[in-house]
Engineer: 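Right, I'll just put the structure down here and ask away after.
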Amino acid sequence: MNIFSLDTLSIAKNLLGYTFIHESVEGKTAGIIVETEAYLQDDPACHAYRKKSVRNAPMFGKAGTIYVYQIYGMHFCVNISTNQEDIGEAVLIRALEPTEGLDLMEERRLKHSKLTQMKPKDLCSGPGKLVQAMGINKNMNDWHILDSGLKIIPPKIQIADSDIITTVRIGITQGADLPYRFYIKENKFVSKL
DNA sequence: CGTAAGATGAAG
DNA sequence: TTCATCTTACGG
């Protein structure tokens, strides 16, 4: 059964453990999704809370549509749209545990900052970081994941419910008390505890 | 139009 | 804790 047939909160939770892959011309990078957040239609923190606009349109696309937006004038975040068309919901990918192409990830990350070295932990431990490391850009906005060079592969063994921590989301002021953030227990690659 | 806030990251 | 940096949403 397809993960995208579930409701948004279930998708956000079930996406933990999936491998996120980007095959680009520069090479392949991949990592395990260890942290996600859900953004729902009736949720004041959701970009699609009020109405459909040019910016949030991909959130209203069919499940699997990529939504890339710029934040704080300098960083980008990736989401995967969920639910049926015309429902503005999505899951934000917040952190990956890098598994493949670590050298390429580091090269990309260093190019975006003034640092000269980077630990594996700093490669993808945040929404803006993983976008850099994975070579994701605004061009991919509104593409469908099947046509984007991006892939998600289910884990061999589903992450146990007892290994999933649920908390409030990071960096928002509206809907700050909603428990829509999920991460893998004791995983050191999550952005924050 | 003018402007404030924003799903962040790095440095102090 | 502060700053860098800029698009978008929203009020006037």
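Just so we're clear, the structure is a prediction, and the values are computed from it rather than from any experiment. FYI, side chains are in, hydrogens and waters are out, and symmetry mates aren't considered; it's all heavy atoms of this structure. In what follows, chains are A, B, ... by sequence order, proteins preceding strands, each numbered from 1.
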Engineer: Taking the side chain of A:Q70 as its heavy atoms from C-beta onward, which of C:dT7, C:dT5, B:dA7 lies nearest to it?
Structural biologist: C:dT7
Engineer: Looking only at heavy atoms, which two atoms of A:A38 and A:T8 are closest? And how far apart?
Structural biologist: CB-CG2, 4.1 Å
Engineer: Send over the distance from A:K192 NZ to B:dT8 P, rounded to a whole Å.
Structural biologist: 8 Å
Engineer: Name the residue closer to the 5' end of DNA chain B, choosing between A:Q132 and A:G171 according to the nucleotide with the nearest heavy atom.
Structural biologist: A:G171
Engineer: Establish, with yes or no, whether the OP1 or OP2 oxygen of B:dG9 is under 4.0 angstrom from a side-chain nitrogen or oxygen of A:S113.
Structural biologist: no
Engineer: Pick base, sugar-phosphate or nothing for A:E37, based on heavy-atom distances below 4.0 Å to the nucleic acid.
Structural biologist: nothing
Engineer: Nearest whole angstrom, please: distance from the P of C:dT5 to the OH of A:Y69.
Structural biologist: 20 Å
Engineer: Distance check needed: B:dG6 P versus A:Q174 CD, whole Å only.
Structural biologist: 7 Å
Engineer: When all nucleic acid strands are considered with a 4.0 Å heavy-atom cut-off, which category describes A:M59: base, sugar-phosphate, or nothing?
Structural biologist: base
Engineer: Quick check: any donor-acceptor pair below 3.5 Å linking the side-chain of A:Y72 to the base of B:dA5?
Structural biologist: no
Engineer: With respect to the side chain of A:I170, which nucleotide from C:dC10, C:dA4, B:dT8 is positioned closest?
Structural biologist: B:dT8
Engineer: Taking CG from A:D43 and P from B:dG6, how many angstroms apart are they, rounded to a whole number?
Structural biologist: 14 Å
Engineer: A:K114 or A:G73: which one's nearest nucleotide on DNA chain B is closer to the 5' end?
Structural biologist: A:G73
Engineer: Consider the side chain of A:S53, meaning its heavy atoms from C-beta on, and name the nucleotide among C:dA9, B:dG6, B:dA11 that approaches it most closely.
Structural biologist: C:dA9
Engineer: So, OP1 or OP2 of B:dA7: does either fall under 4.0 Å of a side-chain N or O from A:R181?
Structural biologist: no
Engineer: Counting only heavy atoms from other residues, nucleotides and ligands, does the tally under 6.0 Å from NZ of A:K121 exceed 12?
Structural biologist: yes
Engineer: Just the rounded figure in Å: distance from P of C:dC10 to CG of A:N56.
Structural biologist: 10 Å
Engineer: Among B:dT8, C:dC6, B:dA10, which is the nearest nucleotide to the side chain of A:L115?
Structural biologist: B:dA10
Engineer: Would you mind classifying the nucleic acid contact of A:F76 as base, sugar-phosphate or nothing, using non-hydrogen atoms under 4.0 angstrom?
Structural biologist: nothing
Engineer: If you look at every strand shown and take non-hydrogen atoms under 4.0 Å, does A:K129 touch a base, only sugar-phosphate, or nothing?
Structural biologist: sugar-phosphate
Engineer: Tell me whether the count of non-hydrogen atoms from other residues, nucleotides or ligands lying under 6.0 Å of CD1 in A:I157 goes above 12.
Structural biologist: no
Engineer: Could you check how far CD of A:Q117 sits from P of B:dA11, rounded to whole Å?
Structural biologist: 11 Å
Engineer: Please tell me which of the listed nucleotides, C:dC10, C:dC6, B:dA7, lies nearest to the side chain of A:R50?
Structural biologist: C:dC10
Engineer: To the nearest angstrom, how far is A:L110 atom CG from B:dA10 atom P?
Structural biologist: 10 Å
Engineer: Just to confirm, is there a sub-4.0 Å distance from OP1 or OP2 of B:dA7 to any side-chain nitrogen or oxygen of A:H47?
Structural biologist: yes
Engineer: Is it true that the NZ or CZ of A:R169 lies under 6.0 Å from the centre of A:Y39's six-membered ring and within 45 degrees of the ring axis?
Structural biologist: yes
Engineer: Do A:E35 and A:S191 have a side chain donor and acceptor closer than 3.5 Å?
Structural biologist: yes
Engineer: When you check the gap from the basic side-chain N to the acidic O, do A:K62 and A:E85 get nearer than 4.0 Å?
Structural biologist: no
Engineer: Using a 4.0 Å heavy-atom cut-off, does A:R55 contact any base of the nucleic acid, only the sugar-phosphate backbone, or nothing at all?
Structural biologist: sugar-phosphate
Engineer: Ignoring the backbone of A:K51, work out which of B:dA10, C:dC10, B:dG6 is nearest its side chain.
Structural biologist: C:dC10
